[in-house]
Amino acid sequence: MEFSSSISRKYQTDILVIGSGSAGSVAAIAAAQGKFKVTLVERYGFAGGTSTQMLDTFYGFFTPSESPKKIVGGIPDWVVNELNKSGDIFLRPNTYGAGTGVNYNPEKLKEIWDRLLIKNGVELLFHSTLVSVEKTGERSVCVFFHKGIGFFTITAKRVIDASGDADFCHWAGLPYEKAGELEPAQSMTTTFRMSNVDLEAFEAAGGKKMLKTKMGEAYDSGTHPLPRKEGSAHEMCQPKCISTVAVKVVDFDPLDPEGITKAEIEGRRQSFLFEDFSEQKFGI
């Protein structure tokens, strides 16, 4: 192994889960309930993935209709129940045909994932990035990098790739499909939050219908260089805060270091364009 001379630590586990987003965290807890030794590795400093990094609503718990029915239980329900205990949750009506949304406090969700994972015996390693994979018989030797100790390995009987970017598949030489290669992929966006918003005044002025109309007018007339004709802004658990989807970033490769850097910069630039538009048009 090319990293062998600089490996600082070596770990062993039954099941290695790479990526602690919703899928990875649920998979880790389910595997640990089977009495396996489970190690969950995350490149950031907290679990939850996109649900704690930038989003604030779960979808899929209810059927997408005007008369929604709850259809999801199990481990995801544990998460929602814990959020409900502390009052960090509320149900948001059917949006864009997706059904009832479960709106939550992202910061509280980070702490809940910590508790649930540790309670179920999952070993956690944060701030660690997969950089290589080598097969040794039926086992996988995964090399990770941590800025504090350098390279370390985890040898696992089974690996669950929940990285979101097929990291394990890539380094292990397994086939995978890159988004956008075979069919068009959804554009990137910078989801951002705005505080000190008068939500009552916003709803009284027409809410999301008014927002859609004014965004369309501004886009068509060119009065504001908005990247899209419509977007969303909805209430969060935190008082006077809204979460938005109003940015559209295209023509960058998120797996390329230069591409993702330019995408981050462009997303921030567009966020402040929307802030300026919001203040001028309806004072939120």
Side-chain angles (χ1 to χ4, degrees), residues 17-33 38-62 64 68 70-96 98-129 160-165 167 188-197 199 232-247 264 267 271:
V17 183
I18 301 172
S20 67
S22 297
S25 294
V26 169
I29 291 174
Q33 288 185 317
V38 179
T39 303
L40 176 59
V41 184
E42 168 58 46
R43 61 178 173 169
Y44 296 117
F46 48 85
T50 57
S51 66
T52 47
Q53 289 175 34
M54 71 282 289
L55 301 179
D56 70 334
T57 307
F58 290 131
Y59 287 109
F61 279 83
F62 296 86
K70 188 170 180 296
I71 55 174
V72 172
I75 296 173
D77 241 10
W78 299 359
V79 177
V80 172
N81 289 341
E82 289 300 312
L83 286 163
N84 190 48
K85 287 179 183 178
S86 58
D88 289 288
I89 198 171
F90 67 87
L91 297 183
R92 194 150 56 87
N94 179 59
T95 306
Y96 296 109
T100 300
V102 181
N103 200 269
Y104 56 85
N105 180 342
E107 296 304 316
K108 185 62 178 180
L109 179 56
K110 294 177 184 178
E111 189 269 336
I112 286 172
W113 274 128
D114 287 343
R115 282 195 282 113
L116 289 176
L117 289 162
I118 293 171
K119 177 182 177 181
N120 284 276
V122 176
E123 296 183 349
L124 289 169
L125 290 173
F126 290 142
H127 294 295
S128 301
T129 303
I160 297 174
D161 188 345
S163 65
D165 291 324
D167 288 345
M188 292 184 283
T189 185
T190 297
T191 301
F192 60 98
R193 299 158 188 168
M194 299 177 69
S195 59
N196 198 31
V197 176
L199 292 166
S232 66
H234 62 260
E235 179 184 3
M236 297 183 65
C237 285
Q238 295 87 336
K240 294 188 175 182
C241 287
I242 60 172
S243 181
T244 71
V245 179
V247 168
E264 293 277 13
S271 297

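If you read the sequence from its start, that first residue is 1, and numbering goes on from there.
Within a 6.0 Å sphere centred on NZ of K70, other residues, nucleotides and ligands contribute more than 12 heavy atoms.
The shortest distance between side-chain heavy atoms of S271 and M194 does not fall below 4.5 Å. Two residues are said to be in side-chain contact when any heavy atoms from C-beta on lie closer than 4.5 Å; Y104 and N84 fail this criterion. Within the 4.5 Å cutoff, no side-chain heavy atoms of S86 are placed close to those of E111. Side chains of L91 and V102 form a contact here, defined as non-hydrogen atoms less than 4.5 Å apart.
The two residues W113 and A47 have their closest heavy-atom pair at CB-CB, 3.8 Å. In plain terms, the two heavy atoms of G267 and T190 that are nearest each other are CA-OG1, 3.0 Å. Heavy atoms only, all atoms of each residue included: M236 and N103 are closest at CA-OD1, 3.7 Å. Between E82 and R115, the closest heavy-atom pair is OE1-NH1, 3.2 Å. Of all the heavy atoms in V17 and A162, the pair that sits closest is CG1-CB, 4.4 Å. Taking every heavy atom of both residues into account, R92 and T57 meet most closely at NH2-OG1, 3.0 Å.
Every residue two or more places apart in sequence or in another chain was checked for a side-chain hydrogen bond (donor to acceptor under 3.5 Å, both in side chains) with E235, and none qualifies. For F62, there are no ring-ring contact (aromatic ring centres under 6.0 Å, His included) partners two or more places apart in sequence or in a different chain. Annotation: side-chain hydrogen bond (donor to acceptor under 3.5 Å, both in side chains) contacts of K119 (sequence neighbours excluded): none. Applying the side chain to side chain contact (heavy atoms under 4.5 Å, CB included) test to A32 and every residue at least two apart in sequence or in another chain returns V38, V122.
For K108 (side chain) and K110 (main-chain N/O), no donor-acceptor pair under 3.5 Å exists by modelled atom type. Judged by distance alone, the side chain of T189 and the main-chain N or O of V247 form a donor-acceptor pair under 3.5 Å.
With E123 as reference, T39 is the one residue of V41, T39, L117 to meet the side chain to side chain contact (heavy atoms under 4.5 Å, CB included) rule.
Note that CD1 of I18 and OG1 of T129 are 11.0 Å apart. Values are rounded to the nearest 0.5 Å. A distance of 4.0 Å separates NE2 in H234 from OG in S243, rounded to the nearest 0.5 Å. Annotation: the span from N120 atom CG to L40 atom CG amounts to 12.0 Å, rounded to 0.5 Å. Separation of atoms CD1 (I118) and CG (L124) is listed at 5.5 Å; rounding is to 0.5 Å. In this structure, CG in N105 is found 11.0 Å from OG1 in T52, a value given to the nearest 0.5 Å.
Here salt bridge (charged side-chain N to carboxylate O under 4.0 Å, His left out) pairs that include residues 38-62, with residues two or more places apart or in two chains, are R43-D165.
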Using atom types as modelled, flag every donor-acceptor pair under 3.5 Å from a side chain in residues 21-31 to any protein atom, sequence neighbours excluded.
{"from": "S25", "atom 1": "OG", "to": "S20", "atom 2": "O", "distance (Å)": "2.9"}
{"from": "S25", "atom 1": "OG", "to": "G21", "atom 2": "O", "distance (Å)": "3.1"}

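Classification of the F61-F58 ring pair by plane angle, with boundaries at 30° and 60°, yields tilted.
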